[in-house]
Amino acid sequence: MVALGNRQQHGVDYEETFTPFAKMTTVRLILAIAASQGWPLSQMDVNNAFLHGDFKEEIYMTPPPGFFSTPSTDVCKLKRSLYGLKQAPRAWFDKFRTTLINFSFVHSQYNSSLFLCKTLNGIVLLLIYVDDIVITGTDSTLISKLKEHLCQSFHMKDLGPLQYFLGLEVQSTDTGLFLHQHKYTRDIISLAGLQDGRSVDTPLEVNVKYRRDDGDFISDPSLYRRLVGSLNYLTITRPDISFVVQQVSQFMQAPTHIHLAAVRRIIRYLQGTSDKGLFFPVGTSIRLDAYSDADWAGCSDTRRSITGWCMFLGDSLVSWKSKKQQRISKSSTESEYRAMSSACLEIIWLRGLLGELGFSQAEPTQLHADNTSANQIVANTVFHERTKHIEVDCHSIRDAYDSRVISLPHINTSLQTADVFTKALSRKRHQFLVDKLMLHNHPSSI
């Protein structure tokens, strides 16, 4: 039985509808920690999760056809949530959260879908994404009790060791964890009809800039939108295509044939690299390092710069971004400064989350940048004439620097890992940076 949620009225039949879900950065961070520390990873699934939710509102529903043998004016008062109701996801999460808190778990301050419990024997982490649950930690006794408690409280299935989560495939080896989307990649190639196409070495040609009005518009952009949407989800484990996917995503409203050709090139690149995925090695240090870069005036239409940064936990890549900046920068130094400020916010959040998990960062996190002038602006507390127009929130990086949350070592441009998130690169340069991102081939293909 499914309710017709489209007939609900806000303020009458429902209030809160949003349910928290796990950030992919948190998923990768926990997988990296589990691989490094040798923690077991297990998965559970909830049967008919939304049916477990309890309502705060009084909701009445017209009985479905055939419920009464004769026509009736009676209505049903719902005691539990049904699929289709707008507040069903929220009601389910509230019920699950209450159950865990009563079992001595604590809600994370840094991710609303993460719960943890610290005992004398160690720590247990639980991460939930709607009805998919990942459990890891060092206290095996508490993990067993937790699974038993969840099975008694809800209709649960213990799926054993983590292998498949939200379309992500997890493979454990003696040397670490391999996270990939191999099957999903093959589906995208089939959707584009390029199974027999020739592969290319890079996802984007060097020195190519795309504009909104390049070429003739596509009469039916539905395929373009489906492909770009699929590629966006693929960037969860393929940071090497983040920049070019960010580029083609700007033309979703009115794509042209040239933009479609760019999407097809990305897929041809994936065809030759479909076995690649993120590798989280065993025994890597739990130390956070960051790289920040920018491409000044990289957008041909708006002349806005492109921000690119990435974060490593030891040797494991856990977070990255490629995004067009919101304001036009007057110089390359300013664009680099904005990128560093954006990266600093992610560093602060990751350091807080790591501290909550018991891996506090004693030393300042190194934010590697290749622009000496931008580093000097951060270190200098005097507001220069050339920086007074920059928004106040960008200058928050100075507080982080002064309080030793970050340090700013200069890095040579040739070694700047974040370069791959800001521009198209040559084949040799692209492959060099992809290797630094810890993108490996699937173990079975080696």
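Applying the side chain to side chain donor-acceptor pair (under 3.5 Å) criterion to Arg80, with sequence neighbours excluded, gives Asp54. Applying the side chain to side chain donor-acceptor pair (under 3.5 Å) test to Asp435 and every residue at least two apart in sequence or in another chain returns Gln431.
A tilted orientation is assigned to the rings of Tyr224 and His259, their planes being inclined by 30° to 60°. Classification of the His52-Trp92 ring pair by plane angle, with boundaries at 30° and 60°, yields tilted. Below 30°, between 30° and 60°, or above 60°: for Tyr233 and Tyr184 the angle between ring planes is above 60°, a perpendicular geometry.
Side-chain contact check for Ser329 versus Arg338: some heavy-atom pair is nearer than 4.5 Å. Using a 4.5 Å heavy-atom cutoff, the side chains of Pro281 and Met438 are in contact. Between Lys436 and Val420 the shortest side-chain heavy-atom distance does not fall below 4.5 Å. For the pair Lys95/Phe154, a side-chain contact is recorded, criterion being any heavy-atom separation below 4.5 Å from C-beta on. Leu278 places a side-chain heavy atom less than 4.5 Å from the side chain of Pro239. Annotation: side chain of Leu437 is in contact with side chain of Thr417 (closest heavy-atom distance under 4.5 Å). Side-chain atoms of Val378 and Tyr337, non-hydrogen and from C-beta on, do get closer than 4.5 Å to each other. Using a 4.5 Å heavy-atom cutoff, the side chains of Lys147 and Ser42 are in contact.
Electrostatic pairing of Lys276 and Asp240 does not count as a salt bridge here, judged by no charged N lying under 4.0 Å from a carboxylate O.
Checked by atom type and distance alone, the side chain of Glu346 never pairs as donor or acceptor with a backbone atom of Ser319 at under 3.5 Å. Judged purely by atom type and a 3.5 angstrom limit, Asn48 has no side-chain atom pairing as donor or acceptor with the backbone of Leu51. Formation of a donor-acceptor pair under 3.5 Å by the Ser190 side chain with backbone atoms of Arg186 is found in this model. Side chain of Glu356 to main chain of Ser108: no donor-acceptor pair is present (N/O by atom type, distance under 3.5 Å, no hydrogens or angles). Side-chain atoms of Trp309 never come within 3.5 Å of backbone atoms of Ala418 as a donor-acceptor pair (strictly under, hydrogens ignored). With hydrogens and angles ignored, the 3.5 Å screen pairs no side-chain donor or acceptor of Thr422 with any backbone N or O of Thr307. One N or O on the side chain of Ser230 and one on the backbone of Arg226 form a donor-acceptor pair closer than 3.5 Å. With Ser36 contributing its side chain and Thr284 its backbone, the two residues share a donor-acceptor pair below 3.5 Å. Remark: the backbone N or O of Val200 is not paired with any side-chain donor or acceptor of Arg427 at under 3.5 angstrom. A donor-acceptor pair under 3.5 Å is absent between the side-chain atoms of Ser342 and the main chain of Ala339, judged by distance alone.
The number of heavy-atom neighbours closer than 6.0 Å to CG of Asn207, taken from other residues, nucleotides and ligands shown, is 12 or below. For NZ of Lys157, the number of neighbouring non-hydrogen atoms (other residues, nucleotides, ligands) closer than 6.0 Å is 12 at most. Residue Arg225 qualifies as enclosed at atom CZ: its count of foreign heavy atoms under 6.0 Å is above 12. More than 12 heavy atoms of other residues, nucleotides or ligands lie within 6.0 Å of CD in Gln195, so this atom counts as buried by the packing criterion. More than 12 heavy atoms of other residues, nucleotides or ligands lie within 6.0 Å of NE2 in His257, so this atom counts as buried by the packing criterion. Lys324 NZ: more than 12 foreign heavy atoms inside a 6.0 Å radius.
Results of the side-chain contact (heavy atoms from CB on, under 4.5 Å) test with Leu439 over Val434, Leu317, Leu433, Thr273 single out Val434 as the only residue that passes.
If you take CD on Glu169 and NE2 on His182, they are separated by 7.5 Å, rounding to the nearest 0.5 Å.
For the residue pair Ser199/Gln271, the side-chain donor-acceptor check at 3.5 Å is not satisfied.
Pairs of residues two or more places apart, or lying in two chains, never qualify as salt bridge (Lys or Arg N to Asp or Glu O under 4.0 Å) while including a residue from residues 302-315.
Ring centers of His368 and Phe312: at least 6.0 Å apart, outside the cut-off.
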